[in-house]
Amino acid sequence: MITRKNFLIMGVTMFVLLFLFQFSQIMKESGNEYDVNHYAVDAGLEGEDAWQKSPPKDVLKKGDYVLFVGNGKSDIGKTVSWWCTYTKRELMVCQSVEECPEDVSQKAEVLLLESSYVREKKDIEALTEMVRRGGTLVFCDLPDVPEIKASRQWKELLGIRQVKELRQEIKGVNLFSGFLLGGQAIYLPADAKEKQERQDLEHSIPWYETTNGCKTYMTGIVSDPSVKNEELPPLIWRVGLGKGKVFAVNGDYMKDCTGIGMLSAILAEIKPYDLYPVVNAQCMGVANFPGLAAENSERMKELYSRELPAVFRDIIWPGLCSAVDKSGAHLTCYLAPQFDYGDDKEPRKDQLVFYLRQLKEREAEAGLTLEYVSAGDLTRKMNADQSFFQNSGSQYRYGAAYIPPGGAAYSIEKLKDYAFFEHIQTVASIYSAERPVVSYLDDKTTLQSITSTGISHTYKEDIRMKSLQTALGYSNIVLDMNQITWPEEEEDRWEIVSEKFSSQINTYWKAFEMFDQTSASECDTRIRNFLAMDYEDSREGDEIHVSIKERNGDLWFIFRAHGEKVVSVQGGDFTKIETDAYLIRAGQDELTIRCQPEDSLYYYLP
C-alpha cells in the first residue's frame, strides 16, 4: 500500500520530470529559427574580382611562367588553363616548338606539351636540348606507338628503352603513394561483380620498357605473374636527362579535371617544395529532397505502404541522418515543392516547416532544385513554386540551387527575377569536362561541380576524386532522390540506394577527413575567396614566407615537400595530411611556415 507521503513524492517527481521534458521542448522550439538560413550571406566578391592570367605579351616580362605547346582550346589545353588559374600561374600558349622563347629552360617553370604539336625531328632535338640545359617537360599525352618505336630521338627524350608491346591487356592499375594525395591505390577487381560495377579504366595500353633511373608513379597490372614490379607497363613516369627532367603520361588522364591534380602532383615532384591554394571544402547534398506533395502515391504505397511525404519523413530522413552523422557533413537539401505540375497534388506548407526545422536542428541548409518530372517547361514550374512560397509565408533565404543534368544552359540571372530565387548565389551541377570544376557561372553566381553521386564510385572516379583533393581540397557529393521518388527498376529502392550511399561516403573519403565539411553556401564563400586571391612565396633557410593579396577571410594552402615536416605556422595553423603534405590555414596576410627535416630532433617551445 502506498502511503500519502510516498504518493506525494511520486506525484511531485512525475510533475518535475514532465515539466523538464516539456520545458526543454518549448525552449528547443522557441530557439529554432527555422525560417533563417545562417549560411546564406551576401557575397563580398563577384566574377570581376577573380584573379586573371596576364595577356601573353605581359607574361614574358614577368619571367616565371608555364609554357604550353598545343591547342589552348583542346581538352588538354582547358585542363592546363584551369590548373594555371587555380594555382595563380601565368600561362603562355604556343602553337609549335619553334614559337617557344629562346630562354624557356631558364624562365619557364615547366613546359607542358600535346604530343601532336611536336611535329618534326628538329622539334624533338630542340626539346631534348631544353631539358639538358635544365628545363622540365611534361608530355600530357604521347605520340602514336609506331612513331615512338621508329624514332631513336623520341625514345631518348621519353626515357624509353624499347616498345615491348603495341597494345597490352591489363587487369588493373597500381597508383603508388606519394604522388596524388590519399595514399596507394590498387585498382584490381576482387570478383566479376566488382569488375562490372567499377572497372572503367583502359583495358589495353602500349607497353613501354623504360630506361634505368626512371621513377614510375602509376603502372598497369598484367596477368603474367612472372613479370616483376619494375617491369610492369608504366602509365606515368619521370626520366632525368642532363640537368632537367621529362614526365610522360601514357593515357588520357590530362583530358579532364583529373589532369589538374596530376599537374599539381608533378610540380610537387619537380620543386624542393610546392605551396598552392585550395578551396578546402567537402560538400554533401541531396537533390530533390524533400518533396512536399503526396505524388506518385500508387507506386509509393506499392513499395513502402505509405504516401510520399511519409516515405520521406519516416524512412528516408532517418537513414540520411544516420549516414550524414557518421561523415560529419554539413548537409544541403535541394528541396522540390513538387515533381509533377500536371496532377492535382499540391505541396504542403506543414511539410516545408517540418523540414526547415529538422535541417536547422542538424545545422544543415535548404536549397532549391530546378528539376521536375512533368511541367511542360521550366517557366511553369517556377511560377507554381513562386505561388507556393508566397502563400506559405516563409522568409527562408535560399542561397544554393541544383541544376539537373542537361540544364546547364539555364539563365540563372533570368531566374533570379522570381522572388524565392533572387538570393541564389551558387549552383551545384554534375561535373562536365566542358566546364571547370569551380568557377563563376555568371558574374554573381558560382558553380560548384558535383564530383560524385554518392552511389557510383568507379576506378576512374576514384582517381578523379584523389586528383581533385590533391589540386583543390574539394569534393561535392550530391545524391539525387528523383530515382527514389519515380523508380524505374529494383535498384532504385531506398534500402538499396541507402546501403550504397552510406558505405561509399564513409569509405572512400576517409583519407581526406582533414578538409572542412561545408554546406553549399559555405563552399560558395570559399570558392569566391579562392578565385580572387593571389600570393607570393619565398624561402630563407628553414622558413617559407608567404605574402597574400586579396585576402577576404581565411584561406587555405597545400604544402608539399620532400623529407621535411612543418613545425609551426605564424599567421595561421597547419594540419598534417600525410607524409610530406600539409594543409595550411592562412588567417593573416603574411605567413611564416617553419620546416625541419623529418629525421632530426626538434624541441618546440611556443
Side-chain angles (χ1 to χ4, degrees), residues 190-191 193-194 196-198 282-336 339 351 354-359 361-367 369 371 373 402 404-405 428 430 450-458 461-462 465 475-513 517-520:
D191 50 39
K193 181 181 179 182
E194 182 178 357
Q196 182 179 4
E197 291 181 349
R198 301 191 63 202
Q282 308 291 291
C283 303
M284 186 180 296
V286 186
N288 302 305
F289 177 88
L292 307 179
E295 300 176 282
N296 204 16
S297 295
E298 184 176 338
R299 184 64 169 147
M300 290 297 101
K301 288 180 179 179
E302 177 187 341
L303 294 175
Y304 305 104
S305 302
R306 63 198 75 193
E307 291 192 325
L308 184 60
V311 173
F312 279 146
R313 182 186 64 246
D314 302 335
I315 299 175
I316 296 177
W317 180 241
L320 274 178
C321 291
S322 176
V324 170
D325 286 346
K326 292 178 183 178
S327 69
H330 289 186
L331 189 66
T332 301
C333 290
Y334 301 95
L335 63 86
F339 296 97
Q351 292 295 310
F354 171 78
Y355 283 105
L356 289 181
R357 289 188 185 278
Q358 293 295 312
L359 293 172
E361 288 179 11
R362 305 194 71 83
E363 298 184 339
E365 179 179 13
T369 180
E371 190 162 10
V373 172
Y402 167 77
I430 196 71
I450 297 167
T451 59
S452 173
T453 64
I455 56 175
S456 169
H457 198 78
T458 65
E461 289 169 344
D462 190 76
M465 181 266 289
S475 70
N476 190 6
I477 305 169
V478 176
L479 174 64
D480 192 340
M481 300 299 292
N482 194 48
Q483 63 180 323
I484 307 297
T485 312
W486 303 88
E488 296 180 357
E489 53 189 36
E490 184 67 20
E491 293 293 311
D492 294 333
R493 291 179 63 93
W494 169 246
E495 56 267 32
I496 297 174
V497 172
S498 175
E499 183 179 357
K500 289 181 179 179
F501 181 70
S502 180
S503 173
Q504 292 193 15
I505 65 174
N506 292 297
T507 301
Y508 301 115
W509 283 263
K510 279 289 184 183
F512 306 104
E513 290 180 321
Q517 301 284 348
T518 67
S519 71

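Both backbone and side-chain heavy atoms feed into the values below; hydrogens, waters and symmetry mates do not. Note that this is a predicted model, so its numbers are computed, not measured.
Cation-pi check for Arg313 over Tyr355 is not met; the charged atom does not lie both under 6.0 angstrom from the ring centroid and within 45 degrees of its normal.
Using modelled atom types, no side-chain atom of Ser327 and backbone atom of Ile505 make a donor-acceptor pair closer than 3.5 Å. Side chain of Thr507 to backbone of Ser503: a donor-acceptor contact under 3.5 angstrom is found. The closest donor-acceptor contact from the side chain of Ser519 to the backbone of Ala364 lies at 3.5 Å or more, if one exists at all. The backbone N or O of Glu489 lies less than 3.5 Å from a partner atom in the side chain of Asp492, making a donor-acceptor pair.
Residues Phe501 and Leu320 have side chains in contact (heavy-atom distance under 4.5 Å, counting atoms from C-beta outward). In this structure the side chain of Met465 reaches within 4.5 angstrom of the side chain of Phe512, judged on heavy atoms. By the 4.5 Å heavy-atom criterion applied to side chains, Lys301 and Glu307 are counted as neighbours. Counting heavy atoms from C-beta outward, Ile450 and Tyr402 have side chains that approach closer than 4.5 Å. For the pair Ile315/Glu495, no side-chain contact is recorded, criterion being any heavy-atom separation below 4.5 Å from C-beta on. In this structure, Asn296 and Leu308 have side chains that are not in contact, with every pair of non-hydrogen atoms separated by 4.5 Å or more. With contacts defined as side-chain heavy-atom distances shorter than 4.5 Å, the pair Ser452/Glu461 does not qualify. Side-chain contact check for Arg198 versus His457: some heavy-atom pair is nearer than 4.5 Å.
Across all non-hydrogen atoms, the minimal contact from Cys283 to Asn476 is CB-OD1, 3.3 Å. Gln504 approaches Ile455 most closely through the heavy-atom pair NE2-O, 3.1 Å. The two residues Leu303 and Pro487 come nearest to each other via the heavy atoms CD1-CG, 3.6 Å. Nearest approach of Ala520 to Thr332, heavy atoms of both residues: N-OG1, 3.0 Å.
The neighbour count for Glu194 CD, taken as heavy atoms of other residues, nucleotides or ligands under 6.0 Å away, is above 12. At most 12 non-hydrogen atoms from other residues, nucleotides or ligands lie less than 6.0 angstrom from CD of Gln196. For Glu363, the CD atom is loosely surrounded, since the number of other residues' heavy atoms within 6.0 Å does not exceed 12.
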Pair up each side-chain donor or acceptor in residues 285-295 with any protein partner under 3.5 Å, not counting sequence neighbours, and list the distances.
from: Asn288; atom 1: OD1; to: Thr369; atom 2: OG1; distance (Å): 2.9
from: Asn288; atom 1: ND2; to: Glu371; atom 2: OE1; distance (Å): 2.7
from: Asn288; atom 1: ND2; to: Asp480; atom 2: OD1; distance (Å): 2.7
from: Glu295; atom 1: OE1; to: Phe339; atom 2: N; distance (Å): 2.7
from: Glu295; atom 1: OE2; to: Phe339; atom 2: N; distance (Å): 3.2
from: Glu295; atom 1: OE2; to: Asp340; atom 2: N; distance (Å): 2.6

Checklist entry - What do the steps show when you test Arg299 against Trp486 for side chain to side chain contact (heavy atoms under 4.5 Å, CB included), and what is the final call? => result CA-CA 8 Å; Arg299 184 64 169 147; Trp486 303 88; over 6 Å; no
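Note that the CD atom of Glu499 and the CH2 atom of Trp494 stand 11.5 Å from one another [nearest 0.5 Å]. Annotation: the span from Glu361 atom CD to Gln358 atom CD amounts to 5.0 Å, rounded to 0.5 Å. We find the CE-CD1 distance between Met481 and Ile316 to be 3.5 Å, quoted to the nearest 0.5 Å. In this structure, the separation between CH2 on Trp317 and CZ on Phe354 is 8.0 Å, given to the nearest 0.5 Å. Going from atom OG of Ser502 over to atom CG of Leu479 covers 11.5 Å, rounded to the nearest 0.5 Å. For the atom pair CE of Met300 and OG1 of Thr485, the computed distance is 6.5 Å after rounding to the nearest 0.5 Å.
Neither side chain, Trp509 nor Gln282, offers a donor N or O lying under 3.5 Å from an acceptor on the other.
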